[in-house]
Student: 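The structure's right below; bear with me while I get my questions together.
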Amino acid sequence: MLADYNGTWNMVSNDNFEGYMQALGIDFATRIIAKMLKPQKVIEQKGDFFHVQTLSSFRNYNAEFTVGVEFNEETKGLDNRKCKTLVTWDNDRLVCVQKGEKNNRGWIHWIEGDQLFLELSCEDQVCKQVYKKAD
Ligand code: ECB
């Protein structure tokens, strides 16, 4: 039985987003705005297929992938880079590797109770986000 990530999740904390954005080379003015956001994740999962929307008042980001199938990701509206991206299962965790210009780039998702965790990595920076399931 696979973990079930379906649902709407609201951000409750966002640790070291600044360091993560700096590692991605995001400019100062954009970082100021981006840091103030409390994005929402809307996740639709059908087995190994995921549609993950990250929604905010400033920008949205859309990702669709199948676990175990590498795809070409363009981080449109974020740092606008191209990556070869692969998401795999590590037990109930979703582990993503984003191969490209930046080293050690990727993310990990997992669920504990009604909380969704996300760790975003780039170079030597790790951003730790927590989301809570919407009612
Ligand atoms: C889309 C909401 C945030 C918009 C921030 C705007 C500008 C900042 C530019 C770059 C910062 C890099 C990333 C933003 C952080 C999160 C966006 C989605 C991260 C992601 O890859 O989520 C995965 C896992 O949930 C699914 O795409």
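For the numbers below, each heavy atom of this structure counts, side chains included, while hydrogens, waters and symmetry mates do not. In listed order, ligands and their atoms are each counted from 1. We're numbering straight along the sequence, starting at 1.
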Student: May I ask you to test the Asp79-Glu101 pair for a side-chain heavy-atom distance under 4.5 Å?
Tutor: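 Answer no - side chains too far apart.
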
Student: Do the side-chain N and O atoms of Gln125 and Asn16 include a donor-acceptor pair separated by under 3.5 angstrom?
Tutor: yes

Student: For Tyr131 versus Met11, what's the shortest heavy-atom pair and its separation?
Tutor: CD2-N, 3.3 Å

Student: Within a distance under 4.0 Å of any heavy atom of Ala63, pick out the atoms of ligand 1 and give their elements.
Tutor: 27 (O)

Student: Nearest to atom 18 (C) of ligand 1, what protein heavy atom do you find, and at what distance?
Tutor: Thr54 OG1, 3.8 Å

Student: Taking non-hydrogen atoms only, is Leu24 closer than 4.0 angstrom to ligand 1 via side chain, backbone, both or neither?
Tutor: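 Leu24 to ligand 1: side-chain contact only, backbone stays beyond 4.0 Å.
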
Student: What is the closest protein heavy atom to atom 16 (C) of ligand 1, and at what distance does it sit?
Tutor: Leu120 CD1, 4.5 Å

Student: Check whether any side-chain heavy atom of Leu94 lies under 4.5 Å from a side-chain heavy atom of Phe50, and answer yes or no.
Tutor: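 Yes, side chains in contact.
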
Student: Suppose we measure from atom 24 (C) of ligand 1 to each protein heavy atom; which comes out shortest, and what is that distance?
Tutor: His109 NE2, 3.3 Å

Student: Of all the atoms in ligand 1, which lie at a distance below 4.0 Å from a heavy atom belonging to Arg59?
Tutor: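 With Arg59 as reference, the close atoms of ligand 1 come out as 1 (C), 2 (C), 7 (C).
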
Student: Would you indicate whether the side-chain heavy atoms of Trp89 and Asp48 approach each other to under 4.5 Å?
Tutor: yes

Student: Working to the nearest 0.5 Å, report the span between NZ of Lys76 and NZ of Lys82.
Tutor: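 Result: 11.0 Å between the selected atoms.
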
Student: Please verify the inter-ring angle class for Trp107 with Phe65; under 30° counts as parallel, over 60° as perpendicular, anything in between as tilted.
Tutor: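 Judged by the thresholds at 30° and 60°, the geometry between Trp107 and Phe65 is tilted.
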
Student: Considering the heavy atoms of Val52, write down every atom of ligand 1 situated less than 4.0 Å from one of them.
Tutor: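 In order of numbering, the contacting atoms are 25 (O), 26 (C).
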
Student: State the OG1-CD1 distance between Thr54 and Ile43, to the nearest 0.5 angstrom.
Tutor: 8.0 Å

Student: I need the nearest protein heavy-atom contact for atom 5 (C) of ligand 1: residue, atom name and distance, please.
Tutor: Ala34 CB, 3.8 Å

Student: At less than 4.0 angstrom from any non-hydrogen atom of Thr30, what atoms of ligand 1 do you find?
Tutor: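 Near Thr30, the atoms of ligand 1 are 7 (C).
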
Student: Check ligand 1 against Phe17 and write out every atom of the ligand that is under 4.0 Å from a heavy-atom position of the residue.
Tutor: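 Numbered from 1, ligand 1 contributes 14 (C), 15 (C).
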
Student: Looking only at heavy atoms, what is the nearest atom pair of Phe58 and Thr30, with distance?
Tutor: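 Shortest heavy-atom contact: CE2-CG2, 4.2 Å.
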
Student: Checking a contact table here: which protein heavy atom is nearest atom 3 (C) of ligand 1, and how many Å away?
Tutor: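 The answer is Leu37 CD1, 4.2 Å.
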
Student: Could a heavy atom of Gln129 be found less than 4.0 Å from some atom of ligand 1?
Tutor: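 Gln129 does not count as a contact of ligand 1 under the 4.0 Å cut-off.
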
Student: Does the side chain of Leu118 come within less than 4.5 Å of Trp9's, by heavy atoms?
Tutor: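 SC-SC contact between Trp9 and Leu118 ruled out.
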
Student: Determine whether any protein heavy atom is located less than 4.0 Å from atom 9 (C) of ligand 1.
Tutor: yes

Student: With heavy-atom distances below 4.0 Å as the criterion, list the atoms of ligand 1 near Tyr20.
Tutor: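 Matching atoms, with element in brackets: 12 (C), 13 (C).
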
Student: Looking at non-hydrogen atoms alone, which of Lys41, Met36, Lys76 comes nearest to atom 20 (C) of ligand 1?
Tutor: Lys41

Student: What atoms of ligand 1 come within less than 4.0 Å of a heavy atom belonging to Ile26?
Tutor: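 Answer for ligand 1: 9 (C), 10 (C).
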
Student: So if I count the atoms of ligand 1 from 1 in the order they appear, which ones are less than 4.0 Å from some heavy atom of Met21?
Tutor: 8 (C), 11 (C)

Student: Could you check whether Gln98 and Glu73, counting side-chain N and O atoms only, form a donor-acceptor pair closer than 3.5 Å?
Tutor: yes

